[in-house]
Amino acid sequence: GDSVTQTEGPVTLSEGTSLTVNCSYETKQYPTLFWYVQYPGEGPQLLFKVPKANEKGSNRGFEATYNKEATSFHLQKASVQESDSAVYYCALGDTGSFNKLTFGAGTRLAVCP
Amino acid sequence: DAGVTQTPRHEVAEKGQTIILKCEPVSGHNDLFWYRQTKIQGLELLSYFRSKSLMEDGGAFKDRFKAEMLNSSFSTLKIQPTEPKDSAVYLCASNWGVNTGQLYFGEGSKLTVL
């Protein structure tokens, strides 16, 4: 079956430093890839998605490139803020219905002022 | 528009009890999902409905977990009998039914089984 593996957290950074959260996936399909973010006390919400290989997605200063050859989709941000503290989930969408998502275990990010 | 509403927000059960969690999806949404959230496994799919029809019933969860959509605006997840390993946050999510991958999640129901 499909699987997603991502950086094990927690990740603790100081404000202004750069972030990379690794994500790799396994599937026999040609999936759409997603990053979701979950703030404390809330449900996960879509950060951005990328449906095609070699394309980049971005939102709120975060970005990730769909690397089909490496089966990776790493999340990056050049300069994190305290408000970025959250849990980040990498996910892939089933080809037949890419509303049916397979999520990774999540990476908790704590940003200190 | 109202988002996804889940009740109760917190539930404490004794081992062996039956618990029912409830979900009201966003009005007009046709896809509904139940996920279990733990720190170790992350988000695991329990059930998936499209237009009230059960599309997927997560294999590992079949024996004690049963999700139903009584109508297009209400779903339940029954766990019977509960075990301590079921302690987790249960998330409900919905989508229009168009393949966008954008799921709208509720805040979750936190279950503790003693």
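Since the model is a prediction, treat every value here as computed from it, not as a measurement.
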Problem - Proximity breakdown for B/L103 and chain A, heavy-atom pairs closer than 4.5 Å - result: both
Practice task
Report the relative orientation of the aromatic rings in B/Y104 and B/W96; use parallel for angles under 30°, tilted for 30 to 60°, perpendicular for over 60°.
Solution key: perpendicular
Exercise for the section: Mark yes when over 12 heavy atoms from residues, nucleotides or ligands other than B/R50 sit less than 6.0 Å from its CZ; otherwise mark no. Expected result: yes
Handout entry: Largest heavy-atom contact set with chain B, pairs under 4.5 Å, which of A/P44, A/G43, A/G9, A/A105
Key = A/P44
Exercise for the section: Under 4.5 Å heavy-atom distance to chain A, tell me which part of B/V98 shows up: side chain, backbone, both or neither. Expected result: backbone
Problem - Most contacts with chain B, counted as non-hydrogen pairs under 4.5 angstrom, among A/L101, A/T32, A/V87 - result: A/L101
Problem - Top contributor to chain A interface from B/G42, B/G101, B/C92, B/G97 [non-hydrogen pairs under 4.5 Å] - result: B/G101
Exercise for the section: Verify the neighbour count for atom CD1 of B/I40: are there more than 12 heavy atoms of other residues, nucleotides or ligands below 6.0 Å? Expected result: no
Practice task
Answer with side chain, backbone, both or neither: which region of B/Q41 has an atom nearer than 4.5 Å to a non-hydrogen atom of chain A?
Solution key: backbone
Practice task
Among A/F73, A/Y88, A/Y36, find the one that has a ring pair (Phe, Tyr, Trp, His ring centres under 6.0 Å) with A/F62.
Solution key: A/Y88
Practice task
Please flag which part of B/Q37 lies under 4.5 Å from any non-hydrogen atom of chain A: side chain, backbone, both or neither.
Solution key: side chain
Exercise for the section: Apply the side chain to side chain donor-acceptor pair (under 3.5 Å) test between A/K77 and each candidate in A/T17, A/T20, A/D84; give the one that qualifies. Expected result: A/D84
Problem - Axial cation check for A/F34 ring with A/K49, 6.0 Å and 45° limits - result: no
Practice task
List the atom of A/F48, the atom of A/E63, and the distance in Å for their closest heavy-atom pair.
Solution key: CZ-C, 3.7 Å
Exercise for the section: Using non-hydrogen atoms and a 4.5 Å limit, figure out which bit of A/Q38 sits close to chain B: side chain, backbone, both or neither. Expected result: side chain
Practice task
Heavy-atom distances under 4.5 Å only: say whether B/N99 touches chain A with side chain, backbone, both or neither.
Solution key: both
